[in-house]
Amino acid sequence: MPAMLRALRRRWDVYKYRFVPWLALNLRRKRRTLRYVPESSQDKIISDKDVFETLLKIFKALFINDFSRQAHILALFPEIKCKYLELLTVEQKRSKVNSCDHQSQHVFSPEEVLFSTLGFSITRDRSSLVSAGTGVFVTKGFVPKGMVVSMYPGTVYRKHEPIFFQSLGNPFIFRCIDGVLIDGNDKGLSRSVYRSCSRRDQLGPFQMSDESWLTAAPQNPLAVGQYVNNCSHEKAANVCYQEFDVPGYFPVELKQYLPNIVYSHDIESHLRCVVLVTLRDIKQGEELFSNYYTLVS
């Protein structure tokens, strides 16, 4: 009997944040875990421009690091190839580029690229919170206040799109202020839906999204935001969610690192992403904690 009660308690701990009566009863008692936003347009810790430039910076670095793996794109678009070779010459001066061929490039891990580009690296590990399971930690470097430190991956569902079966027993569904849902579960039906949508939207040699976050080795090292735990009275939030719509002019060759895909292919709208932005300076070894509740007044 005690074992059964413990199992039920664990199930409740991961489900209660989607149970409306529980939310209503606990909002007052959880004031420290709430984030108040006057209106949706003001739900910004940093500007969209800053988010865009940060993602562009790390994605370009990942693309350059994966240069030899991009042959199918570079062969068709020599202007893209030469553009990134110029960046490679500037950012990796020890590499000598004499032509549009760079087969001898040393390949770094995505975490090493993240550290060399933004000054920190993050990883999933056992949370410091009891019974919280997996958490996300800064494993190297220093993250200043107002920095994009992670991304919330998953399939993006607009209002009224079917998500019932994917939501059953699923603690990884994130609700945006406007009702858009992001399913960050990397297992089961959620995993199959994401992979299906991602392959549906592939444009010739161009991948429109990143599937690697579904594995233990994501090629975008920021795409672990679904494992960031909620803050508590003992562990205050040090990051906050911020919604970001990917603009139409986002470089097509870099979309392969976006860990999100829309569920409905026929909807003409910008891709919704959610990034996690630091609320204070975060040092090496610290775990990331977020606000699960956002109230719009």
Side-chain angles (χ1 to χ4, degrees), residues 43-70 72-74 76-93 95 97 102 105 107-122 141-154 156 182 198 201-203 205-213 218-225 239-262 269-278:
D43 182 34
K44 305 289 181 184
I45 300 297
I46 59 177
S47 69
D48 284 346
K49 180 182 178 183
D50 288 339
V51 175
F52 175 81
E53 290 179 349
T54 300
L55 296 184
L56 207 62
K57 186 176 182 179
I58 182 61
F59 288 2
K60 282 183 177 179
L62 290 169
F63 187 91
I64 290 172
N65 189 61
D66 290 340
F67 207 77
S68 60
R69 195 173 60 84
Q70 310 293 342
H72 55 299
I73 295 177
L74 302 175
L76 293 175
F77 299 93
E79 65 278 8
I80 293 178
K81 186 175 185 177
C82 291
K83 177 179 73 173
Y84 284 99
L85 279 174
E86 291 176 4
L87 291 174
L88 193 63
T89 304
V90 173
E91 297 181 9
Q92 301 181 347
K93 292 182 179 180
S95 301
V97 182
H102 193 69
Q105 177 195 359
V107 178
F108 298 91
S109 71
E111 291 76 20
E112 290 173 322
V113 175
L114 177 61
F115 177 73
S116 65
T117 305
L118 299 184
F120 66 88
S121 60
I122 60 174
F142 168 82
V143 192
K145 178 181 178 180
M147 169 69 73
V148 174
V149 69
S150 188
M151 301 182 72
Y152 198 100
V156 179
I182 301 180
S198 178
D201 288 358
Q202 185 167 343
L203 186 62
F206 294 105
Q207 290 180 299
M208 296 293 102
S209 61
D210 174 25
E211 290 184 33
S212 68
W213 70 270
Q219 65 177 358
N220 174 1
L222 296 177
V224 293
V239 300
C240 194
Y241 300 103
Q242 179 168 319
E243 298 167 22
F244 173 71
D245 289 338
V246 180
Y249 53 84
F250 197 88
V252 66
E253 71 274 11
L254 300 182
K255 289 185 177 181
Q256 62 183 293
Y257 301 108
L258 289 171
N260 299 97
I261 194 74
V262 293
S269 61
H270 296 301
L271 175 66
R272 171 67 52 82
C273 288
V274 170
V275 298
L276 286 85
V277 181
T278 53

For this session: Please report the C-alpha distance between E253 and Q70 in whole Å, then the side-chain angles of each, then the deciding distance to 0.1 Å, and finally whether the side-chain hydrogen bond (donor to acceptor under 3.5 Å, both in side chains) criterion is met.
Result: CA-CA 9 Å; E253 71 274 11; Q70 310 293 342; over 6 Å; no
Under a 3.5 Å distance rule, please check whether [X] uses its side chain to pair with a backbone N or O of [Y] as donor and acceptor.
X: Q219; Y: D210; result: no
X: S150; Y: L222; result: yes
X: S121; Y: L114; result: no
X: S209; Y: P259; result: no
X: N260; Y: Y152; result: yes

Value rounded to 0.5 Å, distance of [atom1] in [X] from [atom2] in [Y]:
X: F244; Y: L271; atom1: CZ; atom2: CG; result: 9.5 Å
X: L258; Y: N220; atom1: CG; atom2: CG; result: 8.0 Å
X: D50; Y: Q242; atom1: CG; atom2: CD; result: 9.0 Å
X: E211; Y: Q256; atom1: CD; atom2: CD; result: 12.0 Å

Exercise. Got a sec, which residues hit ring pair (Phe, Tyr, Trp, His ring centres under 6.0 Å) with Y84, two or more places apart in sequence or on another chain?
Worked result: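 For Y84 the ring pair (Phe, Tyr, Trp, His ring centres under 6.0 Å) partners, ignoring immediate neighbours, are F63.
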Exercise. Is there side-chain contact between R69 and V107, with at least one heavy-atom pair below 4.5 Å?
Worked result: no
Problem set entry | Side chain to side chain, P247 and F52, heavy atoms closer than 4.5 Å | yes
Problem set entry | Aromatic plane relationship, F59 with Y257 - under 30° parallel, 30 to 60° tilted, over 60° perpendicular |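 Aromatic pair Y257/F59 classed tilted.
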Exercise. Taking the inter-plane angle between the rings of F206 and F77 on a 0 to 90° scale, is it parallel (under 30°), tilted (30 to 60°) or perpendicular (over 60°)?
Worked result: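 Ring orientation, 0 to 90° scale: tilted.
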For this session: Run the numbers on I64 and V113 for side-chain contact (heavy atoms from CB on, under 4.5 Å), then give the verdict.
Result: CA-CA 10 Å; I64 290 172; V113 175; over 6 Å; no
Problem set entry | Neighbour count above 12 (heavy atom, 6.0 Å) for K145 NZ | no
